[in-house]
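The next block holds one structure in the form of structure tokens; read it before the comments.
Position 1 is the first residue of the sequence; numbering continues from there.
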Amino acid sequence: MEESKVVEAKDDGIISVASSFAGHQEAVQDRDHKFLSKAVAEAYKGVECGDGGPFGAVIVRNDEIVVSSHNMVWKCTDPTAHAEVTAIREACKKLNKIELSDCEIYASCEPCPMCFGAIHLSRIKRLVYGCKAEAAIAIGFDDFIADALRGTSFYQKAQLEIKRADGSASQIAEQVFENTKAKFPIY
């Protein structure tokens, strides 16, 4: 097989090299399109049945769909029941494990910080998303957390005070980790 290389020089002097076998990137693109289309179909499904907003996610392992899910916020009366989080919860139950390092996730939209955190914590090896968060923001799904992290927030939606406990309360909370660390050798 003939190998092709793509070399990209950036303004900061960093050179990146990507190599692949001819046709490999096209095959990956076709595969991504297939599974991302399933995630988008889930987004439509969730809206049509009234479960939640227009977001869908698919978790794939070995080119097979493990779970396909959509936003369930309204159905579950749960603000954390985003498509990605719901898919991760279902995949973990189905596979009977808490880390999904042999899986990929396809999301119809760029994940919010909570969903990205769940993807990271589940050790999913690859994330492919369709549209940028701005598409959801444009129709009223504001992501003020992401805006705050990016420094682009123009308003504060919720008045939330964040404070670390003082004195012995924080020390007691810290001790739980020291006192239980032997029970968690995988971390």
Any side-chain donor paired with an acceptor under 3.5 Å for Thr80 and Arg89?
yes
State, with a plain yes or no, whether a side-chain heavy atom of Ile137 is found less than 4.5 Å away from one of Phe141.
no
Taking side chain as C-beta onward, heavy atoms only, is His82 less than 4.5 Å from Met72?
no
Contact check, side chains of Pro111 and Tyr129, non-hydrogen atoms, under 4.5 Å
yes
Mind checking whether Cys103 and Val60 have side chains closer than 4.5 Å, heavy atoms only?
no
Once rounded to the nearest 0.5 Å, what's the spacing between atom CD1 of Ile124 and atom OG of Ser101?
10.0 Å
Apply side-chain contact (heavy atoms from CB on, under 4.5 Å) to Leu95 and Val66, showing your working.
CA-CA 8 Å; Leu95 299 173; Val66 176; 4.0 Å; yes
Rounded to the nearest 0.5 Å, what separates atom CD in Gln25 from atom CG in Asp32?
11.0 Å
Any donor-acceptor pair under 3.5 Å from Thr86 side chain to Ala83 backbone:
no
Here the gap from Leu127 atom CG to Phe116 atom CZ, rounded to the nearest 0.5 Å, amounts to 7.0 Å
Between CE of Met114 and CD1 of Ile119, what distance do you get to the nearest 0.5 Å?
10.0 Å
Within this structure, what is the SG-CD1 distance for the pair Cys115 and Ile88, rounded to the nearest 0.5 Å?
7.5 Å
Restricting to pairs with a member in residues 58-68, which pass salt bridge (Lys or Arg N to Asp or Glu O under 4.0 Å), not counting sequence neighbours?
Arg31-Asp63, Arg61-Asp102
Please report the shortest heavy-atom distance between Cys109 and Glu84, naming the atom on each side.
O-OE2, 3.8 Å
Which donor-acceptor pairs under 3.5 Å do side chains of residues 50-58 form with protein atoms, sequence neighbours excluded?
| residue | atom | partner | partner atom | Å |
| --- | --- | --- | --- | --- |
| Asp51 | OD2 | His70 | NE2 | 2.7 |

Quick one: do Arg123 and Glu99 make a salt bridge, cutoff under 4.0 Å?
no
For Ala118 and Val85, work out which heavy atoms get closest and say how close.
CB-CG2, 4.0 Å
Consider side chain to side chain donor-acceptor pair (under 3.5 Å). Of Glu42, Lys38, Glu90, which one does Ser68 pass it with?
Glu42
Treating Ile, Leu, Val, Met, Phe, Trp and Tyr as nodes and any side-chain heavy-atom pair under 4.5 angstrom as an edge, say whether Leu36 and Ile105 lie in one connected cluster.
no
Which is it for Arg126 and Tyr106 under the side-chain contact (heavy atoms from CB on, under 4.5 Å) test, yes or no, and what are the steps along the way?
CA-CA 8 Å; Arg126 186 167 183 256; Tyr106 290 82; 3.2 Å; yes
Distance col, row Cys92:SG vs Ile59:CD1, nearest 0.5 angstrom, shows 7.0 Å
Heavy atoms, side chains only, cut-off 4.5 Å: are His33 and Val128 in contact?
no
